[in-house]
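Notes to accompany the following structure.
All values below were derived from every heavy atom in this structure, side-chain atoms included, with hydrogens, water molecules and symmetry-related copies excluded. We name chains A, B, ... by the order of the sequence lines, and we start the count at 1 in each one.
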Amino acid sequence: MTDLSQSPAGAAPEPRKHGGSLLEQTPRTKRRNAAEKRFRAYGIAAIAAGLVMLLILVTTIVGKGTGAFQQTFVTLEVELLESKLDKKGERNIEDIKKVTTFGYAPIIKGAMEAAVAEYGIETSLKAKELAGILSKDVAAQLRDYVIANPDQIGQTVEFRFLASSRVDGYLKGRVTRDSIVNDKNISAEQLDLVDALAAAGVLEKTFNLDFITGADASDARPEAAGIGVSMLGSLFMMLVVLALALPIGVAASIYLEEFAPQNWLTDMIEVNISNLAAVPSIVFGILGLAVFINYMHLPTSAPLVGGLVLTLMTLPTIIISTRASLKAVPPSIRDAALGVGASKMQAVFHHVLPLAAPGILTGTIIGLAQALGETAPLLLIGMVGFIASNAPETIADGLLAPNSAMPAQIYEWAKRADPAFYERAWGGIIILLLFLVTMNTLAVILRRRFERRW
Amino acid sequence: MPTFWLVALLLALSAAGYFGGRRRAIASAAGNVKDLHSLPSYYGYHVALAAFVPAIAALAIWLLVQPMFIESRVSGMIPAEAVPENSTIGLVMSDVRRVAEGLDLAVEQGLLTAREARNVAGGEQDIRALMGEVGVALGDDVRPEVLNASQAYRNLSNTGRAAMTAVVALLSLGGFAWAYSRIHKDFRARNVVERAVLALLIMAASLAILTTIGIVLSMLFETKNFFGLHSWTDFFFGSTWAPNFRGGSELSILPLLWGTLYISFIALLVAVPVGLFAAVYLSEYASGAVRSFAKPLLEILAGIPTIVYGLFALLTVGPALASLFAKGGFLGVEWMAGATSVLTAGLVMGIMLIPFVSSLSDDIINAVPQALRDGSLGLGATKSETVRQVVMPAALPGIVGAVLLAASRAIGETMIVVMGAGAIAKFSANPLESMTTITTRIVSQLTGDTDFASPETLVAFALGLTLFVLTLGLNVLALYIVRKYREQYE
Amino acid sequence: MNDMTLMDKTVDTQKIKIAAKDVNVYYGDTHAIKDVNVEIEDNTVTAFIGPSGCGKSTFLRCLNRMNDTISTCKVKGDILLDGEDIYDKRVDPVQLRAKVGMVFQKPNPFPKSIYDNVAYGPRIHGLAKNKAELDEIVEKSLRRGAIWDEVKDRLDAPGTGLSGGQQQRLCIARAVATEPEVLLMDEPCSALDPIATAQVEELIDELRSQYSVVIVTHSMQQAARVSQKTAFFHLGSLVEFGHTGTIFTNPEDPRTESYITGRIG
């Protein structure tokens, strides 16, 4: 094939270089086609690898997180003894409040004993151990109930008690009889009791609304922990981001896209924006700590500070997308407005901005979604490491009272030792991702709906 | 919260200004709007802006400057001999602030009346116990100088706040009156308002510069303090990272930098080949249907928050690797001590970066002109030969830029390494050992109980500044390369 | 210098190199080429002329299956190269394109050195056993592309640094280096100035001695200057095909005449 040497220079026509018939592939072509196939296969393998990772990630999250939406409860008949809860019998709410959670413990033990007797369960456990399958939180829950309904004292009511995280884990398969050998919190006999109660239909796993609406709980009570309060923290942060980043971002974009002259200041701003978009998020956290907390003395752990930090972080994203959508509005629109005597400012605010609004909105939603999932800067301004126990009651409270945020709460749970919290963390991720998916879908729908082709 | 009410007052004034200005303008034209130079609403905006903007600017500046001013005044009151050994004026000042804060809290909670708080003097009462009651923990008993200083601090703050309220309110009212008085039917309200709006737009755009300055300054100051307490040679050239809150720490960045770079390297080892091949396949081979299906799916990986990857590293990948390499694992080797390791963090970070590399490279490959591909195919090259020998060399600068951006991402990534890499600072080449990174140490030095007068806390700012400079350098370089690349084909 | 001796050689009765029978091309729903029959001879320059959008470029790209890269494009009918159907399932387009080279409208040198641009084809097709042979091929091709004298001192300089006309001659040299049997040229002079155009036209005439050359052109004068055979396309159909002289002086079809005289196009 490569018989150059045989062709005497100048002799015409030269021998054909590329084999004889087209219908037969030369060995070289076969080799090259094999290389082609291999190369193509690498590409497919790379895509497949990425998609498999996504699949593994999603299945892990769903598989490990859905458990958090279910919780084990024990429904018991409780006799709210007047002798223990309201000795004076006056139903004076102050007197009732004086009874601490310790005062409720015997009532709960009694309820457990009654249940064991009623269903004829044979067990050698003592009353204290019987109540040990319940959460450490139940006394407080019962007390809250009694304080809210003092008229129920002296009556027998049906109450749904939260089971302890070990019992919950046993029903979910996380805790087994083998795994509890060295566990001080639960014994095999207690698990027998759990089996019996479950058979009697008293103990069951149901949907757990408290996880979605509730507050975080201390280390010993993973079964009572919820993400609701930190969700509010995230909400308030997002309100701050929306209120600041959108107007500032749009104003900056309008200036840069419509008014900015070609000078060093404009160049400087552009360089800064593109660099800020790539600065590690933790650096914004350091900025927040140094400026907002140490220097301006804004309260630590406050969603307001978190919102300010996330605003600075999100601004470049919003500016970049807003500029793109302003750029997409054709110059003819501006010319038309200027042509009928509008000032440049009027042309921009009356015509260009409304036309660019869907694009700006889309960019803002994507920026918010990015801010919602951001964790690192929140660690530095103190949004982890404490228990956000009460939902804020006013807007000022929501902005200034210490709170957590969803990703920070998830991180907090992931750091704790009890595996029951890991389920919470995965569950929290499901909720976080649902928010993100909703926001991104909204952005896609907006884009599809209002996208204009000029 | 007086600031809140002050802002509310400004908003109310400017709203009133809008309607007042509008009405006055219409009145000055005797109800005939056509006689006005501008539309009536511009007269309204003029008054509203005059009442709001200067006042809110003054408020912001005041809030920024007052702490600085008070700090310098009060710290001047503390005599040099009152600063104990092993301490600094900064530490004493932080005590002063805490006592002042505690006294304010005590008044707020009704433990003291405002008068009592003013007259609190050492000796008569146990200040430390009082502070404890309102939740302010103090290390030592409060010394008289500190108490005096903190009383002065409170006085100055109160005076400052009162003065601020007065100045801001006056500015707002003055602006209102001035603008209102200028309104006349020939007054060019639109031009004035538009100039003001343009100024506001410029300020919004300049915020980007301010943020950068803020980042640099905030870290620079504390870094300077750090180098006042700790030798810079140890920080940059030492070999050990061993913070000790009792003093005598060794704080060298080098082991952290090693961990950071090692993890980033592994991440890129995963992300670059996978991302690049995915980009090549998507842009050169995939049919429209495959592309519109696979590309958004891959990009989901980029939209997942890093906390999710962190959790994935901590609870899934780490244990999975441990079940292979740790004691009692499938391979029967004992190469891994726990679930956290360089490999754990690197692998997960690599997954996170796949879409980052692939979508950047995809854009860059698509920017290579089709004519080059046609030229190569027309000579009888196969597609892969075209990609490898024509498209890739043409796209190489852009792809280098993309990889540098990905590297900067990896170096600055926090959550994945915090949860997956571990906390041990060391030089080791074994990817199955846990190591720590710059970002991880920033988080651990700045969370929990922090004392902004100790080198162990302040080192975080020096680390942050180094990280900022490092990533900034990479970004600037990458953006420059990518821009040059794009210009070549435009 | 060997090509100089070849120039004088004229061949009268030519063998048919490419025969197209009832070729139809569709872009999705658009019927771009309608029932085209044409026979392209060896050692001849055949020009395709016609108004823009008439399908001449599309038809040209069918001859080396460059249309394969467009997924919506479908080709029906037979195109025979030396009697073999190039759309046969067994035919590898890569092997076909080595035999049927192509030069494009816009000069498209690769962002490599001049040497690597020319050596690209011989390298992928394995035409040289060693560096010396490759050097020889590169020199011969650059000479044949009539650009050797201009670039012989800077073979390592990037091909993109040449002027437009030089770039196009480099692209022709690059196509020639692959040793094709047919050379397709898609408006090779449309991006060039008149002097560069004259150089390229001269080159085309020289190339005829060794290759069958098919050139698509906008310019009727160019077709008259360089080609022996001319095909006139209009709205996707081949209206008239014959000796260039005949087409330009005595066209049979009124549409050809209208185009030649400037009434349509």
Roughly how far, to the nearest 0.5 Å, is the [atom2] atom of [Y] from the [atom1] atom of [X]?
| X | Y | atom1 | atom2 | answer |
| --- | --- | --- | --- | --- |
| A:Lys344 | B:Glu194 | NZ | CD | 11.0 Å |
| A:Leu287 | B:Ile213 | CG | CD1 | 12.0 Å |
| A:Ile56 | B:Phe312 | CD1 | CZ | 6.0 Å |

Check: B:Tyr281 ring centroid to A:Tyr42 ring centroid under 6.0 Å
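Between A:Tyr42 and B:Tyr281, which both carry aromatic rings, the centre distance is not below 6.0 Å.
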Between A:Ile282 and B:Phe468, does a side-chain contact (heavy atoms from CB on, under 4.5 Å) hold up when you go through it step by step?
CA-CA 10 Å; A:Ile282 191 153; B:Phe468 180 71; over 6 Å; no
Are B:Lys383 and A:Glu36 ion-paired here, with the side-chain N under 4.0 Å from a carboxylate O?
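Answer for the salt bridge query: no.
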Which atoms of B:Thr439 approach chain A - backbone, side chain, both or neither, heavy atom under 4.5 Å
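For B:Thr439, the contact with chain A is made by backbone and side chain together.
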If we check side-chain contact (heavy atoms from CB on, under 4.5 Å) with A:Leu54, which of these qualifies: B:Ile351, B:Ile354, B:Leu301?
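Option passing the side-chain contact (heavy atoms from CB on, under 4.5 Å) with A:Leu54: B:Leu301.
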side-chain contact (heavy atoms from CB on, under 4.5 Å), paired with A:Leu276, selected from B:Thr212, B:Ile209, B:Leu472
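Testing A:Leu276 for a side-chain contact (heavy atoms from CB on, under 4.5 Å) against B:Thr212, B:Ile209, B:Leu472 leaves exactly one candidate, B:Thr212.
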Looking at B:Glu385, B:Arg388, B:Arg409, B:Glu222, which makes the most heavy-atom pairs under 4.5 Å with chain A?
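Heavy-atom pair counts peak at B:Glu385.
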Quick one: closest heavy-atom pair of A:Ala376 and B:Thr414, and the distance?
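So the minimum-distance heavy-atom pair works out to CB-CB, 3.6 Å.
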Counting heavy-atom pairs under 4.5 Å with chain B, which one of A:Arg40, A:Glu270, A:Met53 comes out on top?
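Counting heavy-atom pairs under 4.5 Å, the top option is A:Arg40.
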